[in-house]
Chemist: 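One structure follows; several queries about it will come next.
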Amino acid sequence: TQRAEGGQADLESLIQVTGTSLVNGSFALQFLSSCCSILSASPKFPGVPLIISAIPSSLAVALPAASVKSGESFTVQVTILTPGGAVAAESYQGSVSIALVASGGASSDVTLAGITQRFARGGVVLFAGLTVSSPGTFEMRVSATVPGLQAAPLRTGVALPVSLGPARGLRVGAPPAGCTGGEACAQQPWLQVVDGAGNAVSQAGLIVTASIPSGSASLVGTLTATSTASGNVSFTDLGLTASGTHAVTYTVAGGAYYVESGHVRVSVGGPTFARVLVNPRDSGLVAGVAFVTQPLVIAAD
């Protein structure tokens, strides 16, 4: 309602329409006067239709058809709806946020990685490239601001079950330690098969090969090991030949993935044989007289 002044009343920002049957579109309005007969509607801007957009009232969340797995990328679609169930393509210009919370006893330190807040376009928001750090049953909570209205944000929540992801890598459980040149290390390395988020994966039969990518050292012992049913990979007699600090790389057969354990320290081994560096000259040897050229022998590991 607006009081007329000088025979004219300007009505601005006056309509908030709700109702289960409302859809976006053009409407014809009828204006009434408290003192006189019904006035015919006369648009302030002739030829421009009056567009009334329904107020956003709810959120619809679409999860992937396939099961979400830890460490694997997935996409979530959020649609902003009007009271009649139509997409609020014209009336919504705000941002939508998503978050993940534990439910059903799942780990409370779960991480939802990726962009978790986006602006809507045409009433729809796509959250692509999301990953979850651990398996379990979670709730995805979605909220959307409603710009220009003094109303609480739109909120909803959907269950998001996450299963363990497939094998995507290796994690070093223990690097080689207590290594002496040419001998098996006192502490043998072991590794664990993991998914893309670093969770342990139980997968048997993966063949892992140890190697040294660069440097003067080489490996001795059995250079391959096979994962057990629990995904554990253990070496038994691995060693390095040269003293110093070296990096050892462990690669799954086919080169699908690998991991490196750096800073493996190797000490000088005890002598195992003698090496002659200088021989006495064959000529000028006299019994009872010291050699002209003395021999030089060293112990080597």
Side-chain angles (χ1 to χ4, degrees), residues 16 18 20 22-25 51-171 193-201 203 256-257:
Q16 175 176 315
T18 59
T20 57
L22 181 64
V23 295
N24 295 343
I51 305 298
I52 300 178
S53 297
I55 299 171
S57 62
S58 62
L59 302 172
V61 182
L63 298 176
S67 172
V68 175
K69 299 181 182 298
S70 57
E72 301 294 296
S73 177
F74 67 99
T75 299
V76 172
Q77 177 178 300
V78 179
T79 305
I80 299 90
L81 302 175
T82 67
V87 179
E90 299 293 338
S91 60
Y92 187 78
Q93 303 295 329
S95 64
V96 179
S97 300
I98 57 175
L100 207 62
V101 296
S103 63
S107 173
S108 59
D109 60 354
V110 64
T111 299
L112 176 64
I115 299 176
T116 57
Q117 182 177 15
R118 292 184 180 273
F119 283 92
R121 291 187 176 183
V124 177
V125 181
L126 283 178
F127 294 91
L130 301 173
T131 57
V132 179
S133 61
S134 58
T137 301
F138 306 98
E139 180 186 5
M140 177 165 285
R141 294 181 179 176
V142 185
S143 63
T145 58
V146 185
L149 297 176
Q150 294 182 350
L154 303 177
R155 301 183 188 275
T156 191
V158 293
L160 181 68
V162 180
S163 58
L164 182 65
R168 296 295 187 194
L170 298 168
R171 182 180 66 235
V193 180
V194 295
D195 66 6
N199 302 295
V201 175
Q203 182 168 338
Y257 42 86

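One is the number of the first residue; the rest follow in order along the sequence. Given the structure is predicted, the values throughout are model-derived calculations rather than measurements. All values below were derived from every heavy atom in this structure, side-chain atoms included, with hydrogens, water molecules and symmetry-related copies excluded.
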Chemist: Measuring only between side-chain heavy atoms, which start at C-beta, is L81 closer than 4.5 Å to L59?
Modeler: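 L81 does not reach L59 side chain to side chain.
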Chemist: Testing T79, I98, V158 one by one against V61 for a side-chain contact (heavy atoms from CB on, under 4.5 Å), which residue passes?
Modeler: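 Filter result, single survivor: V158.
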Chemist: Heavy atoms, side chains only, cut-off 4.5 Å: are P166 and Q203 in contact?
Modeler: no
Chemist: From R141 CZ over to L160 CG, what is the distance, rounded to the nearest 0.5 angstrom?
Modeler: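 Result: 13.0 Å between the selected atoms.
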Chemist: In Å, rounded to the nearest 0.5 Å, how long is the span from OG1 of T131 to CG of L112?
Modeler: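 Answer rounded to 0.5 Å: 7.0 Å.
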Chemist: Between OG1 of T156 and CE of M140, what distance do you get to the nearest 0.5 Å?
Modeler: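 Reported value, rounded in 0.5 Å steps: 12.0 Å.
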Chemist: Is the shortest heavy-atom distance from the side chain of D195 to the side chain of K69 under 4.5 Å?
Modeler: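 D195 vs K69: side chains apart.
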Chemist: Calculate, to the nearest 0.5 Å, the distance between atoms OG and CZ belonging to S143 and R155 respectively.
Modeler: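 Here the rounded value is 5.5 Å.
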Chemist: Would you compute the distance between atom CZ of F127 and atom CD of Q117 and round it to the nearest 0.5 angstrom?
Modeler: 8.0 Å
Chemist: Is a side-chain donor or acceptor of R118 paired with a backbone partner of L126 at a separation under 3.5 angstrom?
Modeler: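 Checking the backbone N and O of L126 against the side chain of R118, a donor-acceptor pair under 3.5 Å is found.
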Chemist: Locate the shortest heavy-atom distance separating S133 from A197; write the atom from each residue and the value.
Modeler: O-CB, 3.3 Å
Chemist: Output the distance between atom OG (S103) and atom CZ (F138), rounded to the nearest 0.5 Å.
Modeler: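 Going from OG on S103 over to CZ on F138, the span is 7.5 Å.
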Chemist: Can you check whether S70 reaches L164 side chain to side chain, under 4.5 Å on heavy atoms?
Modeler: yes
Chemist: Going by heavy atoms in the side chains, are L170 and V193 under 4.5 Å from each other?
Modeler: yes
Chemist: Could you walk me through whether L63 and V76 pass side chain to side chain contact (heavy atoms under 4.5 Å, CB included), step by step?
Modeler: CA-CA 5 Å; L63 298 176; V76 172; 3.9 Å; yes
